[in-house]
There are 2 protein chains.
Amino acid sequence: MSLSTERGKLQPADKPTLYKQIRIDIERRILTGEWPPGHRIPFEHELMSRYGCSRMTVSKALSELAQADLIERRRKAGSFVRRPTFLSAVLKIADIRAEINALGRSYGYELIQCSRRTANAADRARLGAGKTGKVIAIACRHSADGVPFAIEDRLIDLDAVPEAAAADFAAEPPGSWLLHHVPWTEAEHSISAIVADEQAAAALDIAIGAPCLVIDRHTWRSARPLTAVRLLYPGESHKLIARFKGSLEG
Amino acid sequence: MSLSTERGKLQPADKPTLYKQIRIDIERRILTGEWPPGHRIPFEHELMSRYGCSRMTVSKALSELAQADLIERRRKAGSFVRRPTFLSAVLKIADIRAEINALGRSYGYELIQCSRRTANAADRARLGAGKTGKVIAIACRHSADGVPFAIEDRLIDLDAVPEAAAADFAAEPPGSWLLHHVPWTEAEHSISAIVADEQAAAALDIAIGAPCLVIDRHTWRSARPLTAVRLLYPGESHKLIARFKGSLEG
DNA sequence: CACGATTTTATGTATAGACATATAGAGACG
DNA sequence: CGTCTCTATATGTCTATACATAAAATCGTG
């Protein structure tokens, strides 16, 4: 409140609509700790009189805060500050080609192996779901400026993604192809560290025993497994960045 | 549409309010690719007549989709499907104590070293910002059922977090203490892989040369650095899970 | 006191209407 | 043909009102 400055005009490039003002106000109190987790936000009717507006307006502000997971709304009880999903962050895993291009380096791609087969027990276990028919198994390598960047080992469920049968994975990396042709609803990433074995070391041109970052990604559409991929990055050179930012200043 | 089953009753635990129905409907079309990125969503007045409701209702659905970054709304032009933030996912990094407790294992904590000093050049570089006064440097170890789980190496800016001077980090892990006492607005995680050196191997009770997952986390409040921490996990045993889930199914 | 029924209340959804605002596209003009 | 202005229009915000719904609080009864 009374954030008005000594300037006569308000902040120039601002659009201080009322509901947004209320949202920012409450958000500020939460993020500064003035209203700690568990604290009950004033009732809508209190906010109505405090800001001199209708219930729809404060409700809109509270709804957005709820959608952003900052507060929890409970009928009859009120709205409460949520324990921030504290150490959760948005992990951006760019498409490898885009990632390398963004670094201003030239992208290189090599298909190492690509075969189609009826799913065996290991394939089924890896894809996670029951009876699978045919799958495509792909091994390939991504490089930046000619230096190995990551190796990829992928399995695609051909029943779930029949279009993949017609794709030319020698010309286009499977990750990019899937991104542009196959919509998905759920993905899970598992990140771990291993040391390079002989094969990985050779493919990545690093020493045996050097650390590697591993990303295992599974992708589903409506609970149906589409693809499973393991990406191996030379561990010291590559970093994944995850960032969390409150929307206070955004 | 027409997801109704052969059962006479609708889905029991469902609350198919109209605006949510509209939201799910549009979301489905986007996620299945029926409406690809760039596609113009029907105008609000079209949706009004299609669903037979008021503009506020369709607007609420569209607003939520916009807040979820699935569509972009432009005055006069309409609403458009955004290119999904494709490979971004929510990375959940739980508080270590909570994480271990969640696994049903007993949490152990040992403070290895804790000292206060005037920030040196390395400290300033690590915290990222300019002139820092005093800092607290902490080294500690987390264990699960007596087995080393992770080692932590942390720096806290005492000027930004003066309360930390009074905290007893022998009794409470710095991560937990900070979580409960210090609000923050931004955090960045950098994930990489290294092999254990002699010191890390000893602290984690693993072999020298064994892979380790490293998380470097920096935390700010309104762009001011609060703390920088490096967590070292035995790489094969530990996995970070990041999950993306569309809200299609709830 | 324990337990089930009833009331109260804060949020959830929805409406019709109003005005604001940005801007794409049309028309005017040089 | 380029540029400028104007206008039509889709979204953005807000109101006052209405009824639905879940759950806390209260009451009543055994």
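Chain identifiers are assigned alphabetically (A, B, ...) following the order of the sequence lines, protein sequences preceding nucleic acid strands; residue numbering begins at 1 within each chain.
Ion pairing of B/Lys20 with B/Glu27 is absent here, as no side-chain N (NZ or NE/NH1/NH2) approaches a carboxylate O to less than 4.0 Å. Between A/Arg50 and A/Glu44, no side-chain nitrogen of the basic residue sits less than 4.0 Å from a carboxylate oxygen of the acidic one, so the salt-bridge criterion is not met.
Straight-line distance from the NZ atom of A/Lys20 to the P atom of D/dC14: 9 Å, rounded to whole Å. Here C/dC19 presents its P atom at 18 Å from CG of A/Leu18, a figure rounded to the nearest Å. Between A/His45 atom NE2 and C/dT8 atom C1' there is a gap of 13 Å when expressed in whole angstrom units. The nearest whole Å value for the distance from the CD atom in A/Glu64 to the P atom in D/dC14 is 11 Å. Per the geometry, CD belonging to B/Glu44 stands 15 Å off P belonging to C/dA16, to the nearest Å. A/Gln67 has its CD atom 15 Å from the C1' atom of C/dG12, to the nearest Å. Distance CD (A/Glu72) to C1' (C/dT11): 13 Å, rounded to an integer number of Å. Rounded to whole Å, the distance from CZ on B/Arg40 to P on D/dT9 is 14 Å.
Under 4.0 angstrom from either OP1 or OP2 of D/dC14 there lies no side-chain N or O belonging to A/Lys60. Applying the 4.0 Å criterion to OP1 and OP2 of D/dT15, one finds that A/Thr57 has a side-chain N or O inside that range. Between D/dA10 and B/Arg73, no contact under 4.0 Å exists linking OP1 or OP2 to a side-chain N or O.
Residue contacts for A/Leu62: at a heavy-atom cut-off of 4.0 Å it reaches no nucleic acid atom on any strand shown.
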Quick test: give all pairs of protein nitrogen or oxygen and nucleotides 20-23 of chain D nitrogen or oxygen below 3.5 Å, distance rounded to 0.1 Å.
from   : atom 1 : to      : atom 2 : distance (Å)
D/dT21 : O4'    : A/Arg75 : NH2    : 3.4
D/dT21 : O2     : A/Arg75 : NE     : 3.1

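Note: B/Trp177 and B/Phe169 have perpendicular aromatic rings, judged against thresholds of 30 and 60 degrees for the angle between ring planes. Under the 30°/60° scheme for interplanar angles, the aromatic rings of A/Phe149 and A/Tyr233 are found to stand perpendicular.
The side chain of A/Met56 has D/dT15 as its nearest neighbour among D/dA10, D/dT15, C/dT11. Distance from the side chain of A/Phe43 is smallest for C/dT11 among the nucleotides D/dA10, C/dA14, C/dT11.
In this structure, A/Arg74 satisfies the cation-pi test against A/Phe80, with its NZ or CZ atom closer than 6.0 Å to the six-membered ring centre and inside 45 degrees of the ring normal.
Within the 3.5 Å criterion, the main-chain N or O of A/Ser106 finds a donor-acceptor partner in the side chain of A/Asp145.
Residue B/Pro225 comes nearest to B/Ala160 through the heavy atom pair O-CB, 3.6 Å, listed as atom of the first residue, atom of the second, then distance.
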